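Just so it is clear, the model here is predicted, and its values are computed rather than measured. Here is the naming used below: chain letters follow the sequence lines, and residue numbers restart at 1 for every chain. Scope of the values below: all heavy atoms of this structure, side chains included, with no hydrogens, waters or symmetry mates.
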Number of protein chains: 2
Amino acid sequence: MEKQSAKILYVEDDVNLGYVTTDNLQLHGYNTTFCKDGKAALEAFKKEPFDLCILDVMLPEMDGFELAKAIRERDKNVPIIFLTAKTLKEDKIAGFKTGADDYMTKPFSIEELLMRINVFLKRSKVNATKEELPSQFVVGKCNFDFDNLTLEVAKKKNELTQKEAELLRYFCMNKNRVLKRDEILKSLWGDDDYFMGRSLDVFVSRLRKYLKQDSSVSIENIHGVGFKLNA
Amino acid sequence: MEKQSAKILYVEDDVNLGYVTTDNLQLHGYNTTFCKDGKAALEAFKKEPFDLCILDVMLPEMDGFELAKAIRERDKNVPIIFLTAKTLKEDKIAGFKTGADDYMTKPFSIEELLMRINVFLKRSKVNATKEELPSQFVVGKCNFDFDNLTLEVAKKKNELTQKEAELLRYFCMNKNRVLKRDEILKSLWGDDDYFMGRSLDVFVSRLRKYLKQDSSVSIENIHGVGFKLNA
DNA sequence: TAAACCCATTAACATATCATTAACAATCAT
DNA sequence: ATGATTGTTAATGATATGTTAATGGGTTTA
């Protein structure tokens, strides 16, 4: 298996430090994109996926905390490391609360940064379902195209939203198996609280509405446990 | 749907700090095992698995680095966090090289520690759902699938509730052994009073109803003591 | 810049499930 | 016998789920 070099998004408004660090990262084999402000970083993130983000906190346009939140909304798994001069306990806590994975304070040693980068890349590689997930599914008499967000049930084409499609794909990949609520929520919502649970119920309700024309398919509730797609 | 609290191994030779921190961890819902030296910690780790380790570096008997290596040999995934007074860059690098995931320096804030613990538990939980735990039991002519809550008796599929399944699993894991009422109640109900006892009787009655098609299996009452699953 | 739109979330209320509790019968120990 | 324990079924009520509509943030369109 060819080892693709990891893509890192690095945001730092001190350009001197920024260039030095970027050089160092590239020297160590990381494909590094360097941005000088939060807005540019978010644009870069929207364009292409990254394997890891290193963010300064004090940034022009959009601060690092806001940026981290925006990144988390789009990708709940990508590791985020703060790298900042703000050493206060409160700042650290705030940083972690945005969904960050690590918080380093300046001045820092490049070796330590490399070590910490390595920790998270290693851990996310374990998960790496980077292998392309299937896009076409046939369930009962339904045709579901994940990439095109379409679900054909009894000749009728339905357009799904991204989240509806993600949930349906999760069911399709695990049909006829009991899926626990918290597993579903961890996988698709990234966390598990009361309101996310209710949100899941709403989505299940919508999927059932699409599927009700096909009597050979149903999403069954397992009380107190989760759901099962019967097909 | 009871969620199992994460088990943490915490090693610290300063007992005062150790007790305070252990208290704090337990207060936040972590099942914490506290050891005063490296040797004891390794013994504890050999006995039972942990979800996360927090290690001091300077320890009697066996230092934290050695301990980390020994733990890594047995489990290459469990998150390891160093928590130490050694602030030198070289020490940090050495720490990460043992396979550690994080390195915090004293003095530390408990909030930050909790945040960092949370980072790694959340990430390893995603992995955890991937490995399929065996949940299939064969008793007499019955097939019991705990995860899917199904019990097949003489070609007939029964759907169990979560609690029915938990009780049946408990019997299956201890078949042909007398189980005391209070043991069962402690394990599955978490406590033992009169009404829980009656509840247990109701569940035993239901399981017997499912199993009565299979004459090779029976749940026998041991008067005044408890029950035994004969198979 | 505002208006319109999309869509996930939250709220609100309706309904269903299932562990518990109750009630009574059967069995056991002494 | 008779009080305690267990077996069984049904009633109860807390909690989980089903469903539709309101909300509001973010994005696109006018």
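Among the atoms of the strands shown, only primed sugar atoms or phosphate atoms (P, OP1, OP2) are found under 4.0 Å from some heavy atom of B:Thr161. As judged by a 4.0 angstrom heavy-atom cut-off over every strand, B:Arg206 is placed among the base-contacting residues. Residue contacts shown for B:Val204 are absent, as no nucleic acid heavy atom lies under 4.0 Å away. Heavy atoms of B:Asn221 sit under 4.0 angstrom from primed sugar atoms or phosphate atoms, though from no base atom. Nucleic acid contact class of B:Phe227 (heavy atoms, under 4.0 Å, all strands): sugar-phosphate only.
Taking the six-membered ring for Trp, A:Phe65 and A:Phe82 have ring centres closer than 6.0 Å.
No hydrogens or angles were tested; on distance alone, a donor-acceptor pair under 3.5 Å links the side chain of B:Arg198 to the base of D:dG7.
In this structure, of C:dA22, D:dT6, C:dA8, it is D:dT6 that holds the atom nearest to the side chain of B:Asp201. Distances from the side chain of A:Arg208 to the nucleotides C:dA8, D:dG18, D:dT27 place D:dG18 closest.
In this structure, a donor-acceptor pair under 3.5 Å is present between the side chains of B:Asp214 and B:Ser216.
Within 6.0 Å of atom CD in A:Glu159, 12 or fewer heavy atoms from other residues, nucleotides or ligands are found, so the atom counts as exposed in its surroundings.
An OP1 or OP2 oxygen of D:dT9 is reached within less than 4.0 angstrom by a side-chain nitrogen or oxygen of B:Lys209.
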